[in-house]
Protein chains: 2
Amino acid sequence: MKRDGRLSAVLHALLHMAEQDRAMTSTELSMCMDTNPVVVRRTMAGLREAGFVTSDKGHGGGWRIAVDLDAISLKDIYDALGASPVLSLGVHVEHPQCLVEQAVNRALKGAFSEAEALLLERFADVTLKQLVDDYRKRAKPARHEKRS
Amino acid sequence: MKRDGRLSAVLHALLHMAEQDRAMTSTELSMCMDTNPVVVRRTMAGLREAGFVTSDKGHGGGWRIAVDLDAISLKDIYDALGASPVLSLGVHVEHPQCLVEQAVNRALKGAFSEAEALLLERFADVTLKQLVDDYRKRAKPARHEKRS
DNA sequence: CTTCATGTAACTTGATATGTTACAATATCG
DNA sequence: CGATATTGTAACATATCAAGTTACATGAAG
């Protein structure tokens with residue numbers, strides 16, 4: 001089963017936007033997200049509705065981050081993308097008649113919801129600001145290398 | 001993204017097998033797994049290779065559980081099915097050049113692996129025996145109702 | 001030796017995420 | 001004002017991949 005890399009791709013785009021003080025066009029973003037401009041607009045639409053980014057038409061238009069970087073967590077972005085399922089695994093029948101299958105579902109669902117809750121907690125703990133800081137911390141030493 | 005219900009379906013089948021003292025045919029199992037016999041054989045093949053079930057051809061043939069119910073955990077079954085990914089979410093590029101994307105990947109992968117580890121721990125903690133016991137505990141009171 | 005079963009390869013189908021085209025709407029620039 | 005740059009979005013096309021299906025070989029039991 002193929003994994004959904006949209007969250008990852010969008011975060012990549014957002015961090016690049018955070019490093020610019022101008023708007024970035026869908027075409028620019030499509031390059032760093034390795035897709036095409038229409039898909040970028042489709043994906044960013046959710047973030048716009050949630051108020052995390054703004055978009056402007058026309059000359060000099062494009063996408064900008066609209067809130068403080070430390071006010072957005074990965075969970076916020078995940079939700080804004082449309083809360084796709086976290087787990088590939090699921091139960092075969094949601095509300096089975098069969099008592100045997102009900103026992104299976106009880107066991108599986110317990111494990112599923114714990115794992116999902118943990119993941120979303122971790123997402124909620126990380127802000128875009130932290131990602132930017134992490135990136136900068138690693139990028140700077142590399143620049144020193146070049147200078148020296 | 002559609003969820004993979006094979007683990008759930010196979011557990012259902014195994015518990016029914018556990019309640020019988022005869023072999024069950026792929027056709028019988030296909031009914032309780034809500035699919036067709038060939039898919040059952042395909043799915044059970046992994047369990048057979050792992051030694052959890054045996055299959056017999058010919059008259060009176062079919063599938064039987066081959067080990068003690070308290071010697072198999074959900075994790076064992078999950079593994080025997082071919083360890084499909086646990087999470088729907090993944091990173092967009094596995095080993096990116098871009099430092100920004102590397103920072104994104106570090107954050108995501110940490111959260112992913114914690115959640116996955118937790119789920120597999122929980123799976124490892126539950127044996128087929130426990131599921132059977134849970135089922136029986138709930139099934140018996142229902143019979144008393146009928147009698148009284 | 002017929003029937004009932006599994007084993008498995010090959011092919012078909014269906015669901016769906018992604019990509020693409022097309023064009024309307026709108027903002028900026030000169 | 002007209003040319004150009006940009007988003008917004010619907011509609012369509014493509015690719016992928018799991019599941020379903022067909023077909024037939026193999027083997028066991030009556």
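To find a chain, count down the sequence lines: A is the first, B the second, and so on, and within it residues start at 1. A quick note: this is a predicted structure, and the numbers were derived from the prediction, not measured.
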Chemist: Separation of B:His59 atom NE2 from D:dT26 atom C1', in whole Å?
Modeler: 17 Å
Chemist: Quick one: how far along DNA chain C does chain B reach, first to last nucleotide 5' to 3', anything under 4.0 Å to a heavy atom?
Modeler: C:dT3 to C:dA17
Chemist: Counting only side-chain nitrogens and oxygens, does A:Ser26 get under 4.0 Å of the OP1 or OP2 atom of D:dT7?
Modeler: yes
Chemist: Measuring to OP1 and OP2 of D:dT7, would you say a side-chain N or O of A:Arg41 lies under 4.0 angstrom away?
Modeler: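 Yes, within the criterion.
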Chemist: When you compare the side chains of A:Thr54 and A:Arg64, does any donor N or O come within less than 3.5 Å of an acceptor on the partner?
Modeler: no
Chemist: Under a 3.5 Å distance rule, please check whether A:Asn105 uses its side chain to pair with a backbone N or O of A:Val93 as donor and acceptor.
Modeler: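 A pair under 3.5 Å: yes.
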Chemist: Nearest nucleotide by nearest heavy atom, which residue falls closer to the 5' end of DNA chain C, A:Lys2 or A:Asp56?
Modeler: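 Its nearest nucleotide being more 5', the pick is A:Lys2.
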Chemist: Tell me, which pairs form a ring-ring contact (aromatic ring centres under 6.0 Å, His included) where one or both residues lie in residues 29-54 of chain B, sequence neighbours left out?
Modeler: none
Chemist: Using a strict cut-off of less than 4.0 Å between a Lys/Arg side-chain nitrogen and an Asp/Glu carboxylate oxygen, indicate whether B:Glu116 and B:Lys109 qualify as a salt bridge.
Modeler: no
Chemist: If you measure from the Lys or Arg side-chain nitrogens to the Asp or Glu carboxylate oxygens, is any gap between A:Glu19 and A:Arg136 under 4.0 Å?
Modeler: yes
Chemist: Residues from residues 29-37 of chain B sitting under 4.0 Å of DNA chain D, heavy atoms only?
Modeler: B:Thr35, B:Asn36
Chemist: So, does B:Arg42 get its side chain near the phosphate of D:dT21, meaning an N or O under 4.0 Å from OP1 or OP2?
Modeler: no
Chemist: So A:Lys75 and A:Asp79, salt bridge (charged side-chain N to carboxylate O under 4.0 Å, His left out) or not? Walk me through it.
Modeler: CA-CA 6 Å; A:Lys75 171 91 170 29; A:Asp79 287 338; 2.8 Å; yes
Chemist: Is there any ring-ring contact (aromatic ring centres under 6.0 Å, His included) pair reaching into residues 25-45 of chain A, and which pairs are they, with sequence neighbours excluded?
Modeler: none
Chemist: Return the set of residues passing ring pair (Phe, Tyr, Trp, His ring centres under 6.0 Å) with A:His92 (not counting sequence neighbours), or none when no residue passes.
Modeler: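 Not a single residue meets the ring pair (Phe, Tyr, Trp, His ring centres under 6.0 Å) criterion with A:His92.
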Chemist: NA contact type, B:Gly62, heavy-atom cut-off 4.0 Å: base, sugar-phosphate, or nothing?
Modeler: sugar-phosphate
Chemist: Identify, between B:Asp4 and A:Thr25, the residue whose nearest nucleotide on DNA chain D lies closer to the 5' end.
Modeler: A:Thr25
Chemist: Apply side-chain contact (heavy atoms from CB on, under 4.5 Å) to B:Glu49 and list each qualifying residue two or more places apart in sequence or on a separate chain.
Modeler: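 Listed in chain order: nothing, the list is empty.
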Chemist: Could you state the atom-to-atom distance from CH2 of A:Trp63 to C1' of D:dT7 in whole Å?
Modeler: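 In whole Å, D:dT7 C1' and A:Trp63 CH2 are 7 Å from each other.
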Chemist: Using heavy-atom distances to pick each residue's nearest nucleotide on DNA chain C, tell me which of A:Lys57 and A:Arg3 is more 5'.
Modeler: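 Between the two, 5'-proximity favours A:Arg3.
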